[in-house]
2 protein chains.
Amino acid sequence: MEGKSIGDYIKKVSDRIPAEDIPLLVAWAESREFKKGTVLLKEGTVCREFYLVEKGYLRTWYNKDGAAINLNFTFEGAFTTNLKSLNGRLPSELTIEAGEDARVWVFNLDLRRERPGSDAQIVLFVRRLALHIMLVAEEHSNLFKLYTPTERYRYIEKNNPTLLQRISLSQLATYLGVTRETLSRIRGKKV
Amino acid sequence: MEGKSIGDYIKKVSDRIPAEDIPLLVAWAESREFKKGTVLLKEGTVCREFYLVEKGYLRTWYNKDGAAINLNFTFEGAFTTNLKSLNGRLPSELTIEAGEDARVWVFNLDLRRERPGSDAQIVLFVRRLALHIMLVAEEHSNLFKLYTPTERYRYIEKNNPTLLQRISLSQLATYLGVTRETLSRIRGKKV
DNA sequence: CTGGAGCTGTGACAATAATCACAATCCATG
DNA sequence: CATGGATTGTGATTATTGTCACAGCTCCAG
């Protein structure tokens with residue numbers, strides 16, 4: 001048996017997406033492969049795409065004085081983009097790249113108008129998707145606002161253990177807002 | 001002369017809102033007054049409203065072990081709500097209350113269907129508004145992810161000086177993720 | 001199989017922020 | 001305009017995290 005299909009992932013975005021819109025949205029997407037380290041969205045360019053990860057994962061990071069601060073990891077079945085850039089047509093301050101060799105469904109907004117008869121459904125889906133992505137991101141933001149570094153790690157351990165299995169300690173450290181040394185020590189002392 | 005009208009504030013949410021939709025949206029809103037300290041959204045209840053501040057300000061906070069952590073201040077001309085609660089019909093983990101005596105335009109989703117002929121426009125506006133609110137909130141989140149406490153204060157000083165004029169040091173401290181003593185010391189040492 | 005690049009763990013020390021205590025100041029109200 | 005509660009400033013101390021240095025480990029590529 002195969003895993004979940006692109007249609008299933010689209011449905012998970014909102015239970016209010018009409019079933020008859022799914023084929024239109026699937027037809028809009030393009031499947032592409034990216035080698036580990038390949039940049040999908042480059043700092044300084046305007047983002048025009050959503051990404052749905054089918055295999056591997058995508059890493060979103062901010063360049064602070066030459067050091068990378070990870071803001072997001074997107075795994076199989078999840079969507080990502082840079083909404084600030086996409087919505088405001090602003091140059092991206094973030095980079096999105098493949099963290100492993102990846103297969104990704106690309107939803108390109110510039111290809112949207114070339115699909116007459118689908119536009120209204122696509123626009124509606126895009127708005128729902130945008131809110132969905134932001135609400136997921138808010139959870140990560142709240143780690144910083146409400147918890148201490150140790151509490152953040154325990155939260156991930158409990159609610160997102162996939163991260164611990166697939167992301168290296170150094171990469172995870174910047175995602176949690178601590179140095180790799182501190183994260184190593186947090187991880188060391190059990191409970 | 002009066003200040004800006006509710007219609008002007010609605011237009012600022014997105015420049016793609018059709019001018020002819022504005023009157024429908026204005027008619028949907030209800031003006032209400034709240035005394036300082038009055039709770040508009042109570043922890044544990046499902047949020048069904050958007051708020052547009054006309055006068056005064058609203059404060060959104062999270063209750064962590066009995067202590068309030070401020071997550072948002074909404075001033076004149078800006079919108080707020082709890083999108084996680086509103087979108088998912090989940091009990092709110094946050095409280096929204098009047099930080100000063102306030103006059104607020106309330107957009108109640110349950111009153112929406114009672115306005116036949118406006119529903120499509122309202123739904124469209126609500127989606128745009130939701131994204132707008134999240135993108136504004138993201139800026140605050142990035143303060144925590146990318147900057148040190150001192151950098152956060154300098155950022156607010158430069159980009160949001162209204163906060164420094166209208167919010168007490170103790171309230172601002174939790175918004176910046178430091179103790180009031182630390183914020184006092186940051187403020188003390190000039191440049 | 002082995003050398004080396006890139007992780008990770010850990011000790012010593014420095015820097016930063018929290019905590020605790022209390023004095024000074026602000027300011028609303030009688 | 002006096003006064004008491006709330007807010008802010010500041011010192012002393014503790015706790016936490018960052019920085020630096022280096023050793024050990026892992027795991028490919030040759």
Side-chain angles (χ1 to χ4, degrees), chain A residues 35-38 56-57 59 61-70 73 97-101 143-157 161-191, chain B residues 35-38 56-57 59 61-70 73 97-102 140 143-157 161-191:
Chain A
K35 282 280 166 202
K36 174 175 177 168
T38 307
Y57 72 88
R59 177 170 72 97
W61 53 277
Y62 175 84
N63 180 341
K64 184 178 185 186
D65 311 325
I69 298 181
N70 293 321
F73 297 102
E97 68 173 68
E100 297 173 351
D101 289 356
L143 288 181
F144 283 77
K145 296 178 186 174
L146 308 178
Y147 301 149
T148 64
T150 302
E151 288 171 333
R152 287 173 213 163
Y153 180 77
R154 301 294 173 218
Y155 182 93
I156 296 296
E157 219 174 17
T162 306
L163 272 183
L164 307 188
Q165 292 155 18
R166 298 188 54 184
I167 306 299
S168 76
L169 180 138
S170 299
Q171 295 294 321
L172 189 64
T174 72
Y175 182 77
L176 296 180
V178 295
T179 60
R180 54 173 199 82
E181 292 94 335
T182 295
L183 183 54
S184 172
R185 286 171 179 130
I186 288 172
R187 194 164 69 169
K189 57 181 171 198
K190 278 277 154 277
V191 184
Chain B
K35 283 279 166 202
K36 174 175 177 169
T38 307
Y57 72 87
R59 178 170 73 97
W61 52 276
Y62 174 84
N63 180 342
K64 184 178 185 185
D65 311 324
I69 298 181
N70 293 321
F73 297 102
E97 67 173 68
E100 296 173 352
D101 291 355
H140 177 234
L143 288 182
F144 283 78
K145 296 178 186 174
L146 308 178
Y147 301 149
T148 64
T150 302
E151 289 172 331
R152 288 173 212 164
Y153 180 76
R154 300 295 174 218
Y155 183 92
I156 296 295
E157 217 173 18
T162 307
L163 272 183
L164 306 187
Q165 293 154 19
R166 298 189 54 184
I167 306 299
S168 77
L169 180 139
S170 299
Q171 295 294 320
L172 188 64
T174 72
Y175 182 77
L176 295 180
V178 295
T179 60
R180 53 174 200 81
E181 292 94 334
T182 296
L183 183 54
S184 173
R185 285 171 179 128
I186 288 172
R187 193 164 71 169
K189 55 181 171 198
K190 278 276 154 278
V191 183

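Letters go in sequence order (proteins before strands), and every chain restarts at 1. Just so you know, these numbers use all the heavy atoms, side chains as well, and skip hydrogens, waters and symmetry mates.
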What closest approach, in Å, do Thr174(B) and Asn70(B) show between heavy atoms, and which atom pair accounts for it? OG1-N, 3.0 Å
Where Ala68(B) and Trp61(B) come nearest, the two heavy atoms and their spacing: CB-CE3, 3.6 Å
Is the phosphate of [N] approached by [X] (side-chain N or O, under 4.0 Å from OP1 or OP2)?
{"X": "Ser184(B)", "N": "dT10(D)", "answer": "no"}
{"X": "Arg187(B)", "N": "dT8(D)", "answer": "no"}
{"X": "Ser170(B)", "N": "dT8(D)", "answer": "yes"}
{"X": "Thr179(A)", "N": "dG18(D)", "answer": "yes"}

Starting at [atom1] of [X] and ending at [atom2] of [N], how long is that distance when rounded to a whole Å?
{"X": "Lys36(A)", "N": "dG6(C)", "atom1": "NZ", "atom2": "P", "result": "12 Å"}
{"X": "Ile69(A)", "N": "dG18(D)", "atom1": "CD1", "atom2": "P", "result": "12 Å"}
{"X": "Arg185(B)", "N": "dT8(D)", "atom1": "CZ", "atom2": "C1'", "result": "11 Å"}
{"X": "Glu181(A)", "N": "dG6(C)", "atom1": "CD", "atom2": "P", "result": "17 Å"}
{"X": "Leu183(A)", "N": "dT10(C)", "atom1": "CG", "atom2": "C1'", "result": "14 Å"}
{"X": "Gln171(B)", "N": "dA6(D)", "atom1": "CD", "atom2": "C1'", "result": "12 Å"}
{"X": "Ile186(A)", "N": "dT17(D)", "atom1": "CD1", "atom2": "P", "result": "6 Å"}
{"X": "Phe144(B)", "N": "dT17(D)", "atom1": "CZ", "atom2": "P", "result": "16 Å"}

Kindly compute the distance separating CZ (Arg154(A)) from CD1 (Ile156(A)), expressed to the nearest 0.5 Å. 12.5 Å
So do Tyr153(A) and Val178(A) actually touch side chain to side chain, heavy atoms under 4.5 Å? no
Do the rings of Phe73(A) and Tyr175(A) sit parallel, tilted or perpendicular, given the 30° and 60° boundaries? tilted
What's the closest nucleotide to the Arg180(A) side chain, out of dA21(C), dG11(C), dA21(D)? dA21(D)
So if I take every side-chain heavy atom of Thr182(B) and compare against dA17(C), dC20(D), dG18(D), which nucleotide ends up nearest? dA17(C)
